[in-house]
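Chain letters run A, B, ... following the sequence lines, proteins first, then strands; residues in each count from 1. None of the values given here were measured: they were computed from a predicted structure.
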Amino acid sequence: MGDFFQRVWALVCQIPPGKVATYGQIADILRSPLAARTVGWALHSLPEGTDVPWHRVVNQRGGISTSGHPQGYGVQRRLLEAEGVEFHGRGQVDLRIYGWDGPPPGGWGHSKG
DNA sequence: ACGGTGACGAGAT
DNA sequence: TATCTCGCCACCG
């Protein structure tokens, strides 16, 4: 496994319960704004008994993208709802409410916040 | 070093 | 607003 995957997993582990991040956001934080697909792939590559909260990552539309894991949709949604995350009638999460205010690209740095 | 692949994202119609 | 098409990056053989 490459280092990038490790960074993705480590970062996803920083997402608190009840919050969600987007693939693009994760990629952006890792200074690879165009590697959103790779982020998804990193989660796709996760084993079953993992501690990584992969379910807290959704697409830019706040929707669930579990291509390759058809039942993954229900699984991810259940896990999120179990944390208090609500879904719209369209099966999407309101990132304005549940979006994770993660670190900026490169890390927390010297930002005054 | 090269090519195929994928849990994305933005632009055009 | 919904749907289709292309590009991008990193991983693996």
S.K.: Indicate the atoms forming the closest heavy-atom contact of A:I26 with A:A21, along with that distance.
M.R.: CD1-CB, 4.0 Å

S.K.: Which atom pairs link the protein and nucleotides 3-6 of chain B when you take only N or O atoms and keep those under 3.5 Å?
M.R.:
residue, atom, partner, partner atom, Å
B:dG6, N9, A:R37, NH2, 3.2
B:dG6, N7, A:R37, NH2, 3.0

S.K.: To check you understand the geometry: which heavy-atom pair defines the closest contact between A:P33 and A:D28, and what is its length?
M.R.: CB-OD1, 3.5 Å

S.K.: Strictly distance-based, threshold 3.5 Å: is any side-chain N or O of A:Q76 a donor or acceptor partner for the main-chain N or O of A:H55?
M.R.: yes

S.K.: Run the numbers on A:L43 and A:Y23 for side chain to side chain contact (heavy atoms under 4.5 Å, CB included), then give the verdict.
M.R.: CA-CA 10 Å; A:L43 300 180; A:Y23 298 96; 4.0 Å; yes

S.K.: Suppose clustering is done on Ile, Leu, Val, Met, Phe, Trp and Tyr with side-chain heavy atoms closer than 4.5 Å. Which residues sit in the same group as A:Y98?
M.R.: A:V20, A:V58, A:I64, A:Y73, A:L80, A:V85, A:F87, A:V93, A:L95, A:I97

S.K.: Within this structure, what is the CG-to-C1' distance between A:D3 and C:dC12, rounded to whole angstrom?
M.R.: 15 Å

S.K.: Could you tell me the separation between the CD atom of A:Q6 and the C1' atom of C:dC11, rounded to a whole number of Å?
M.R.: 13 Å

S.K.: Near DNA chain C, which residues from residues 74-100 of chain A have a heavy atom under 4.0 Å away?
M.R.: A:R90

S.K.: When you measure from the side chain of A:W9 to the backbone N and O of A:A42, does any donor-acceptor pair fall under 3.5 Å?
M.R.: yes

S.K.: Residues in side-chain hydrogen bond (donor to acceptor under 3.5 Å, both in side chains) with A:S65, at least two apart?
M.R.: A:N59

S.K.: Show each protein N/O and nucleotides 9-13 of chain B N/O combination with a separation under 3.5 Å, one pair to a line.
M.R.:
residue, atom, partner, partner atom, Å
B:dG9, OP1, A:G24, N, 3.0
B:dG9, OP2, A:Q60, N, 2.8

S.K.: Can you tell me which residue pairs pass the salt bridge (charged side-chain N to carboxylate O under 4.0 Å, His left out) test with a partner in residues 79-92 of chain A, sequence neighbours excluded?
M.R.: A:R56-A:E83, A:R77-A:E81

S.K.: Verify the cluster assignment for A:V12 and A:V75: are they in a single hydrophobic cluster under the rule of side-chain heavy atoms below 4.5 Å apart?
M.R.: yes

S.K.: For nucleotides B:dA12 and C:dC8, find the distance between their P atoms and express it as a whole number of Å.
M.R.: 15 Å

S.K.: Using atom CZ of A:F5 as one end and atom P of B:dA7 as the other, report the distance to the nearest whole Å.
M.R.: 11 Å

S.K.: Nearest whole Å is fine: how far is C:dA10 C1' from A:L11 CG?
M.R.: 16 Å

S.K.: May I have the distance from A:R31 (atom CZ) to C:dA10 (atom C1'), rounded to whole angstrom?
M.R.: 18 Å

S.K.: Is it the case that the side chain of A:Q25 and the backbone of A:G99 share a donor-acceptor pair, with hydrogens and angles ignored and the cut-off at 3.5 Å?
M.R.: no

S.K.: Specify the closest pair of heavy atoms between A:V39 and A:F4, including all atoms of both residues, with the distance to one decimal.
M.R.: CG2-CE2, 4.3 Å

